[in-house]
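Heads up: the structure comes next, in structure tokens.
Throughout, protein chains are lettered first and strands after them, A, B, ... in sequence-line order, and every chain is numbered starting at 1. Atom set for the values below is all heavy atoms of this structure, side chains included, hydrogens, waters and symmetry mates excluded.
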Number of protein chains: 2
Amino acid sequence: MMNTQNTDQITVFKALADSVRLDIIEYLKHTDHEVSCGEVGKALNISKTSGSYHFKLLQEAGIITTRKESREKYVSLNSKTFDKYVTNFYKNI
Amino acid sequence: MMNTQNTDQITVFKALADSVRLDIIEYLKHTDHEVSCGEVGKALNISKTSGSYHFKLLQEAGIITTRKESREKYVSLNSKTFDKYVTNFYKNI
DNA sequence: TAAATAGTTCAAAAATATTTGAACTATTTT
DNA sequence: AAAATAGTTCAAATATTTTTGAACTATTTA
């Protein structure tokens, strides 16, 4: 019932077609430690609610993977989806 | 002044994030002959005006290349942009 | 146990994207 | 030369996406 990794093409492209989400992806790409939604939101100046919305879309597209630990939700990029849909991920994005 | 091939990442992803445009791309991919805007529009049941709008976005994203011959505008996929941004084009799209 | 923190959900508001129809240009056909 | 065809442009209407704030759950800290 849970759709952790929807890799439907249009869902992926829609998820990539927004500057806030590309910023989030960029942030996740350039970080070395495990990152929470809150950290990203603060760093990029995105409100909690808006962040929640964007992380949800990214997750539904299979672009990020999430892990809930107590209060916090940790997010990381799902390279599988990039490998499947996006060329030169580490070069372009 | 004319920007025939804008290959800006978000422009490309936005252009790919619409089902009408993905249908157009699909149509162009599966065709062997040179194709006009009108042919695509008729085949996919897109109005002239709407087609004009979508072809423009695809062109601005560098996804298609166009050639005007007398009354008609011929369009074809620009594989360079796919090579640069999209993985497994001929597999996924 | 109260207050603070992290995140979600909902509905309304705001912003963006798409479709429509009418009017237009340019070319070709009759 | 008139009518038909291919496509564009514009502004208005419609649809979709994103943002906002308030209320909420769950967990942790004081």
Side-chain angles (χ1 to χ4, degrees), chain A residues 1-4 6 8-28 31 33-61 63-76, chain B residues 1-4 6 8-28 31 33-61 63-76:
Chain A
M1 204 121 298
M2 263 298 302
N3 186 8
T4 308
N6 176 351
D8 180 56
Q9 134 187 216
I10 193 154
T11 307
V12 172
F13 290 142
K14 274 177 191 270
L16 294 173
D18 176 85
S19 66
V20 171
R21 290 190 292 275
L22 288 178
D23 288 348
I24 291 173
I25 291 170
E26 180 74 10
Y27 187 90
L28 295 178
T31 207
H33 59 289
E34 205 180 21
V35 166
S36 69
C37 292
E39 175 184 333
V40 182
K42 272 162 206 149
L44 302 181
N45 227 266
I46 302 162
S47 75
K48 264 179 4 160
T49 316
S50 179
S52 196
Y53 168 72
H54 288 294
F55 286 116
K56 188 171 148 228
L57 294 194
L58 288 170
Q59 180 170 214
E60 286 171 353
I63 288 172
I64 59 171
T65 283
T66 66
R67 176 175 83 75
K68 184 117 195 186
E69 183 178 326
S70 74
R71 276 193 307 204
E72 332 217 12
K73 183 173 174 180
Y74 292 98
V75 297
S76 54
Chain B
M1 205 121 298
M2 263 297 304
N3 186 7
T4 307
N6 176 350
D8 179 56
Q9 129 184 223
I10 193 154
T11 306
V12 172
F13 289 141
K14 275 179 191 271
L16 293 173
D18 175 83
S19 65
V20 171
R21 289 188 294 274
L22 288 178
D23 288 347
I24 291 173
I25 290 169
E26 179 75 11
Y27 187 89
L28 295 178
T31 208
H33 58 288
E34 205 180 22
V35 166
S36 70
C37 292
E39 175 183 333
V40 182
K42 271 161 206 150
L44 302 181
N45 227 265
I46 303 162
S47 75
K48 263 176 9 159
T49 316
S50 180
S52 195
Y53 168 72
H54 288 295
F55 287 115
K56 188 171 146 227
L57 293 193
L58 288 170
Q59 181 170 213
E60 285 171 355
I63 288 173
I64 60 171
T65 281
T66 66
R67 176 175 83 76
K68 185 119 194 184
E69 184 179 325
S70 74
R71 276 195 305 205
E72 332 219 12
K73 185 174 175 179
Y74 292 98
V75 296
S76 55

Determine the minimum heavy-atom distance between [X] and [Y], stating which atoms define it.
{"X": "V35(A)", "Y": "T31(A)", "result": "CG2-CG2, 3.4 Å"}
{"X": "L58(B)", "Y": "I25(B)", "result": "CD2-CD1, 4.1 Å"}
{"X": "L57(A)", "Y": "A15(A)", "result": "O-CB, 4.2 Å"}

In whole angstroms, how far is the [atom2] atom of [N] from the [atom1] atom of [X]?
{"X": "R67(A)", "N": "dG7(C)", "atom1": "CZ", "atom2": "P", "result": "12 Å"}
{"X": "N45(A)", "N": "dT18(D)", "atom1": "CG", "atom2": "P", "result": "19 Å"}
{"X": "Y53(A)", "N": "dA6(C)", "atom1": "OH", "atom2": "P", "result": "24 Å"}
{"X": "L57(A)", "N": "dT16(D)", "atom1": "CG", "atom2": "P", "result": "15 Å"}
{"X": "I64(A)", "N": "dG7(C)", "atom1": "CD1", "atom2": "C1'", "result": "13 Å"}
{"X": "E72(A)", "N": "dT27(D)", "atom1": "CD", "atom2": "C1'", "result": "10 Å"}
{"X": "F55(A)", "N": "dT9(C)", "atom1": "CZ", "atom2": "P", "result": "15 Å"}
{"X": "F13(A)", "N": "dA17(C)", "atom1": "CZ", "atom2": "P", "result": "18 Å"}

### Query
What string of B, S and - do you get for nucleotides 22-30 of chain C, 5' to 3', when a contact is any protein heavy atom under 4.0 Å?
B----BS--
### Message
Restricting to side chain to side chain donor-acceptor pair (under 3.5 Å), what partner residues turn up for R71(B), sequence neighbours left out?
### Response
none
### Summary
Under a 4.0 Å heavy-atom cutoff, the residues of residues 33-42 of chain A touching DNA chain D are none
### Query
How is I46(A) classified with respect to the nucleic acid when contacts are heavy atoms under 4.0 Å: base, sugar-phosphate, or nothing?
nothing
Below 4.0 Å: OP1/OP2 of [N] and any side-chain N or O of [X]:
{"X": "K56(A)", "N": "dG7(C)", "result": "no"}
{"X": "H54(B)", "N": "dT19(C)", "result": "yes"}
{"X": "K73(A)", "N": "dT8(C)", "result": "yes"}

Any idea which of [options] is nearest the [X] side chain?
{"X": "V20(B)", "options": "dT19(C), dT18(C), dT19(D)", "answer": "dT19(C)"}
{"X": "D18(A)", "options": "dT8(C), dT18(D), dG7(D)", "answer": "dT18(D)"}
{"X": "K68(A)", "options": "dT19(C), dT17(D), dG7(C)", "answer": "dG7(C)"}

### Task
Under the side-chain contact (heavy atoms from CB on, under 4.5 Å) rule, what do E72(B) and E34(B) come out as? Steps first, then yes or no, please.
CA-CA 11 Å; E72(B) 332 219 12; E34(B) 205 180 22; over 6 Å; no
## Note on the structure
Distance col, row D23(B):CG vs I46(B):CD1, nearest 0.5 angstrom, shows 7.0 Å
#### Entry: Pairs satisfying side chain to side chain donor-acceptor pair (under 3.5 Å), at least one member in residues 12-22 of chain B, at least two apart
R21(B)-H54(B)
### Task
List for me each residue that meets side chain to side chain contact (heavy atoms under 4.5 Å, CB included) alongside S47(A), sequence neighbours excluded, and say none if there are none.
T49(A), S50(A)
### Task
For residues V75(B) and F55(B), determine if any side-chain heavy atom of one lies less than 4.5 Å from a side-chain heavy atom of the other.
yes
Tabulate below the donor-acceptor pairs under 3.5 Å that side-chain atoms of residues 37-45 of chain B make, not counting sequence neighbours, or state none.
from	atom 1	to	atom 2	distance (Å)
E39(B)	OE1	H33(B)	NE2	3.2
E39(B)	OE2	Y27(B)	OH	2.6
E39(B)	OE2	H33(B)	NE2	3.0

